[in-house]
Amino acid sequence: MALDFHEMERKWQLYWEKNNVHKFDRKSKKPVYSIDTPPPTVSGTMHMGHAFAFTQQDFIARYKKMAGFEVFHPFGFDNNGLATALMVEKKKGVKQKNFGREEFIKIVLEETAEEEKKMLAAFKGIGLSVDWSLLYRTIDKPARKIAQYSFLDLHKQGRLYQREAPTMWCPSCATAIAQAELQDREEESSFCYIDFETTDGGKIGIATTRPELMPACVAIHVHPDDKRYKKFVGKEVKIPFSGGRTVKVFENRDVDPEFGTGAVYHCTFGDLDDVEWILETNLPVIEIIDKDGTFNEKAGILQGLRTLDARKKMIEELKKSGHLVKQEPIKHVVNVHERCKTPIEILTSKQWFVKYLDLREEYIARAAELEWVPEYMKKRLDNWINGLKWDWNISRQRHYGIPFPVWYCKKCGEALIAGEKELPVDPIKDKPKKKCKCGSTEFEGEKDTLDTWFTSSLTPQINCKWQEDKAFFKKMFPMDLRPQGHDIIALWAFNTIVKALFHERKLPWKTITINGWALDQHGKKMSKSLGNVVRPEEMLQKYCADALRYWAGLPVLGEDVPFMEKEMVSGKKFITKIMNASRFVEIVTKGVKEGGVDKKALEPEDRAVLSKLNRLVKESTEAFDKYEFSKALNPVRNFFWLEFADFYIEEVKTRAYNKKDKSGKAAAAVLQHVLWNCLLMLAPFLPHTTEEIAQTSFKKRLKGKSIHLEQWPKADEKFIDEKAEKLGESINAAIAAMRKEKTSAGKPMNTEVKKAVVFSGEELKQGLATIQRTMNVKEIELKKGEELKVELEF
RNA sequence: GGGCUCGUGGUCUAAUGGCAUGACAAUGCCCUUACAAGGCAUAGAUCGCCGGUUCGAUUCCGGCCGGGCCCACCA
């Protein structure tokens, strides 16, 4: 049947929205099931991973709805962050430093709105059961208010502090970043061996990949057990190109005597170790890099350059002066900023921090109370928490973002925090309502903005209208489910848990499901640089949304899955099969009164299929309750295709064509019953296809406006009958054997068989009539046989 | 380097202490009154490698190899 799947799917998407099928009813008496969905970053298009993860979360949402819950399934956009601003900078070819704050924000907001529209259409296109009226954005007023309120509350609890401290800094984005925003990148670099002279005429050699930090060198470290350097300990070493400074040689157990020369030159700040060493040794800090990434006046001959040029220049100068002994190529890992891939620097600046390292053990203990699906993902969080070294730096030196609700007194410098009633506040535009402690009324607003994770860690609070609607919050918090990817356990899951514990002393949800990634067909990560990105829109265009959803329903939750186009083909074929089988059922049952199955009129094939169906319902329900949706989809698919379509339908065709007698009516009733229940169980996976069939063939059965408002089927134990299934198996086996015979004889399946002899066990006697009908056999005989065998006479 | 995870016909996958599912691809036959976007059939796997427990291991245990993700990294 030629059917335009795209048109069909669009039709139902619009229908659901128009008829409020997925609308959350706050007043409903049903128990609530709420989902804290991941707000995708507005910085590009919907990618395969999105389609994969959101579809998986949608299976759960749709199932819960059918299982009797009032489902709260919102959708949000994360558009307050650096990623969004960088996307706009790139798209428009601009940089924030060339604009005033307000102007820049305006540009970003305009562009974001445009991108959002595209993304929204894409997400709607995969048929999510989202209540779109709940759409939120992390830059909108409610989110701003909640983020700032969170700041106030943390401040009240003494969880915030401001400190001038060495911080990981992105010289390209010109902002501080957090530990979680780091990424590794392996780089080819040059390992420089440099000889220093001691003040008493000796020579000590060091090796470094960062010679440009020479002017910031504050010490030399050697291992205390290293005999080669024992004599240098405590001596003064002359540092070239640093205005004749000398530094001391220290003993330090962190030094690896095997690496390089075994002597390390220590600069402020080359890497994270340097920061620790500075704190231990109480050495001076010499900062030679400015916030915009250029070397300053303390860098002497390197002033005005940026890191890479400075490195080149320093190497040249060291060569000329004879300090450079040799250079060798080296591969090493550098920390880069995940957003722009620029190697980070460590600079001292004034930043706001959330104090949270002290409660690491509590986080681990509380997080263990959550239901983790799959369970093993919890370890990733533990791992992360145990490795935490820094408090959470929440200051970003960016124009675009949620502002800190903070002013500083121009006279005494004291920070003044906004009052609850003033929120949301923009301290640049708005004036504080209070005086400073010192009596001054002159203030300057905080120019920094909050880290985007400071806000996105509050999605449960945003969804539950924290501080906005107290009754609603009480009803909804904590939420039931957080579905998210394993890549952001350390970021999103962790920060959300921390925030909920700080603010509410409660976990933010009951369950957390972790979905895997969509990889390319060879199991590699999809990335632009590898050129292996498959766009979901393309696949939707080529196949259809339900086919894509079918693919997302196959794997086990949490596993990474290679994207295979053939799964799309397979899904589409399945959909076609369902449509065709449904059409058959509709045709043969036309005019038959809908109703219960008459148990007395059942034939062996009916009893077998009903038994299997009811077992399947049980199995599928149990799987869904454990979030094992693939174990709900696969068995239904196999039952539908391999049992129902391949055998049952064929077995009852002749009965069903004759609707007048009891047996024919029973067949029609069973056909309808089995198909309808399969549709219900497939509805979470293939919402469009099942809706189409429900609306065309089962209109009378629909209690509400959509199949998605129907009750999930309940298994009826009365029908589960092992004996009936066994007989059914034997019947099917005999039919399969006859098909094989017909095939090898080159005959069509409907060819009349004059006589058939079946060698099998006694019990098959009750199934002979079914076999006869199905295979068009005139005369049939059962002979005793150990192994099943058939002989046909045409 | 540490943690977690995966490793089953050509490809992807299911289950399981005792005959290893199914899909896709391949091959052959069939226009059969739901379906050629289909049906039927055929062939194809020493279940990554090595060792242990066991009457018996693909399954449990240990080691190794390989893929993936996260974390830490040597200046």
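For clarity, every value in this text was computed on a predicted model and none was experimentally measured. We name chains A, B, ... by the order of the sequence lines, and we start the count at 1 in each one.
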*Asks:* Using the P atom on both, measure B:rA72 against B:rG63 and round to a whole Å.
*Replies:*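 The answer is 26 Å between these two P atoms.
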
*Asks:* What is the pairing partner of B:rG1, taking Watson-Crick or G-U wobble pairs with both distances under 3.5 Å in any strand?
*Replies:* B:rC71

*Asks:* With the sugar-phosphate defined as primed atoms, P, OP1 and OP2, and the base as all remaining atoms, what B/S/- string results for nucleotides 66-75 of chain B, 5' to 3', for protein heavy atoms under 4.0 Å?
*Replies:* -SBB-SBBBB

*Asks:* Give none if B:rC40 has no partner; otherwise give the nucleotide forming a Watson-Crick or G-U wobble pair with it, both distances under 3.5 Å.
*Replies:*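 Check on B:rC40: paired to B:rG28, both distances under 3.5 Å.
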
*Asks:* For the residue pair A:T770 / A:E651, report whether a side-chain donor-acceptor contact shorter than 3.5 Å exists.
*Replies:*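 Their side chains do not contain a donor-acceptor pair, so the 3.5 Å distance test is not met.
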
*Asks:* If the test is ring-ring contact (aromatic ring centres under 6.0 Å, His included), which one of A:W453, A:W392, A:Y356 qualifies with A:F494?
*Replies:*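 Of the listed residues A:W453, A:W392, A:Y356, the ring-ring contact (aromatic ring centres under 6.0 Å, His included) partner of A:F494 is A:Y356.
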
*Asks:* Do A:K740 and B:rC40 have a side chain to base donor-acceptor pair shorter than 3.5 Å?
*Replies:* no

*Asks:* What is the separation between atom CH2 on A:W372 and atom P on B:rG3, rounded to the nearest whole Å?
*Replies:*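 Checked: the CH2 to P distance equals 19 Å.
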
*Asks:* Show your reasoning for whether side-chain hydrogen bond (donor to acceptor under 3.5 Å, both in side chains) applies to A:E345 and A:T307.
*Replies:* CA-CA 9 Å; A:E345 297 289 354; A:T307 304; 3.1 Å; yes

*Asks:* Give the rounded distance in Å between these two atoms: CD of A:E752 and C1' of B:rU32.
*Replies:* 15 Å

*Asks:* When all nucleic acid strands are considered with a 4.0 Å heavy-atom cut-off, which category describes A:K573: base, sugar-phosphate, or nothing?
*Replies:*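 Sugar-phosphate contact only.
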
*Asks:* Can the ring centroids of A:F59 and A:F685 be said to lie less than 6.0 angstrom from one another?
*Replies:*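 For A:F59 and A:F685, the ring centres are under 6.0 Å apart.
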
*Asks:* Who does B:rG7 pair with, Watson-Crick or G-U, both distances under 3.5 Å?
*Replies:*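 Pairing partner: B:rC65.
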
*Asks:* Ignoring hydrogens and geometry beyond distance, is the side chain of A:K653 in donor-acceptor contact with the base of B:rU33 at under 3.5 Å?
*Replies:* no

*Asks:* Between B:rA25 and B:rA43, how far is it from one C1' atom to the other, in whole Å?
*Replies:* 13 Å

*Asks:* Kindly indicate, with the supporting measurements, whether the criterion side chain to side chain contact (heavy atoms under 4.5 Å, CB included) is fulfilled by A:F584 and A:L671.
*Replies:* CA-CA 10 Å; A:F584 168 77; A:L671 279 170; 4.2 Å; yes

*Asks:* Categorize A:W641 for me: base, sugar-phosphate, or nothing, with a 4.0 angstrom heavy-atom threshold over every strand shown.
*Replies:*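 Sugar-phosphate: the residue A:W641, judged by heavy atoms under 4.0 Å, touches backbone atoms but no base.
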
*Asks:* B:rA45 and B:rG51: how far apart are their C1' atoms, nearest whole angstrom?
*Replies:*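 23 Å, rounded to whole Å.
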
*Asks:* Verify whether the ring centers belonging to A:W517 and A:F52 lie closer than 6.0 Å.
*Replies:* no

*Asks:* Contact class for A:E586 vs. all strands (heavy atom < 4.0 Å): base, sugar-phosphate, or nothing?
*Replies:* nothing

*Asks:* Quickly work out the A:N750 CG to B:rC40 C1' distance and round it to whole Å.
*Replies:*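 Rounding to the nearest Å, CG of A:N750 and C1' of B:rC40 are 13 Å apart.
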
*Asks:* Measure from the side chain of A:M564, starting at C-beta and using heavy atoms only, and say which of B:rU11, B:rC24, B:rC4 lies closest.
*Replies:*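 Between B:rU11, B:rC24, B:rC4, the one nearest the side chain of A:M564 would be B:rU11.
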
*Asks:* How many whole angstroms separate atom CE of A:M738 from atom C1' of B:rU32?
*Replies:*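 Computing the A:M738:CE to B:rU32:C1' distance gives 17 Å.
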
*Asks:* Starting the side chain at C-beta, find the nucleotide from B:rG39, B:rG22, B:rA25 nearest to A:R637.
*Replies:* B:rG22

*Asks:* With rounding to whole Å, what would you report as the distance between B:rG7 and B:rA75 at their P atoms?
*Replies:*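 One P to the other, the span is 36 Å.
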
*Asks:* Using whole Å, report how far CZ of A:F640 lies from C1' of B:rA23.
*Replies:*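 Going from CZ in A:F640 over to C1' in B:rA23 covers 17 Å.
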
*Asks:* Considering only the P atoms, how many Å lie between B:rU54 and B:rA15, rounded to the nearest integer?
*Replies:*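 Approximately 29 Å lies between the P atom of B:rU54 and that of B:rA15.
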
*Asks:* Within the 3.5 Å criterion, strictly below it, is a donor on A:Y193 or A:E328 matched to an acceptor on the partner's side chain?
*Replies:* yes

*Asks:* Which whole number of Å gives the distance between the P atom of B:rU58 and that of B:rC49?
*Replies:* 10 Å

*Asks:* Testing the basics here: between A:L540 and A:L548, what is the closest heavy-atom pair and its distance to 0.1 Å?
*Replies:*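 In this case the closest contact between A:L540 and A:L548 is CD2-CD2, 3.9 Å.
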
*Asks:* Donor-acceptor pair, distance only, cut-off 3.5 Å: does the side chain of A:R655 make one with the backbone of A:R773?
*Replies:* no

*Asks:* With rounding to the closest Å, how many angstrom separate the C1' atoms on B:rU53 and B:rG17?
*Replies:*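 Pairwise C1' distance, B:rU53 against B:rG17, rounds to 12 Å.
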
*Asks:* To the nearest angstrom, how far is A:K566 atom NZ from B:rU11 atom P?
*Replies:* 9 Å

*Asks:* Compare the minimum distances between each of B:rG22, B:rC30, B:rA34 and the side chain of A:I649, then state the nucleotide with the smallest one.
*Replies:*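 Selected nucleotide (nearest to the side chain): B:rA34.
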
*Asks:* Between A:Y657 and B:rA34, is there a side-chain N or O to OP1/OP2 distance below 4.0 Å?
*Replies:*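 For A:Y657, the contact criterion (side-chain N or O under 4.0 Å from OP1 or OP2 of B:rA34) is met.
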
*Asks:* Whole angstroms only, please: what is the CZ-P distance between A:R583 and B:rA36?
*Replies:*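 Roughly 9 Å, once rounded to whole Å.
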
*Asks:* For atom P, what is the distance between B:rG44 and B:rG22, given to the nearest Å?
*Replies:*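 It works out to 15 Å between them.
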
*Asks:* Applying the Watson-Crick and G-U wobble criteria at under 3.5 Å, what pairs with B:rC60? Answer none if nothing qualifies.
*Replies:* B:rG52

*Asks:* Answer with base, sugar-phosphate or nothing: what part of the nucleic acid does A:E650 contact at a heavy-atom distance below 4.0 Å?
*Replies:* base

*Asks:* Using a cut-off of 4.0 Å on non-hydrogen atoms, how would the nucleic acid contact of A:N386 be classed: base, sugar-phosphate, or nothing?
*Replies:*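 Nothing: the residue A:N386, judged by heavy atoms under 4.0 Å, touches no strand.
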
*Asks:* With no hydrogens and no angle check, is any side-chain donor or acceptor of A:D382 less than 3.5 Å from a backbone partner on A:I364?
*Replies:* no

*Asks:* Please confirm whether the shortest side-chain N or O distance from A:K631 to OP1 or OP2 of B:rA15 is below 4.0 Å.
*Replies:* yes

*Asks:* Rounded to the Å, how far apart are A:N634 CG and B:rU21 P?
*Replies:* 16 Å

*Asks:* For A:D646 and for A:E567, find the nucleotide of RNA chain B with the closest heavy atom, then tell me which residue's nucleotide is more 5'.
*Replies:*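 Per heavy-atom nearest nucleotide, the more 5' residue is A:E567.
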
*Asks:* Which of these nucleotides, B:rC40, B:rC6, B:rU32, is closest to any side-chain atom of A:T743?
*Replies:* B:rC40

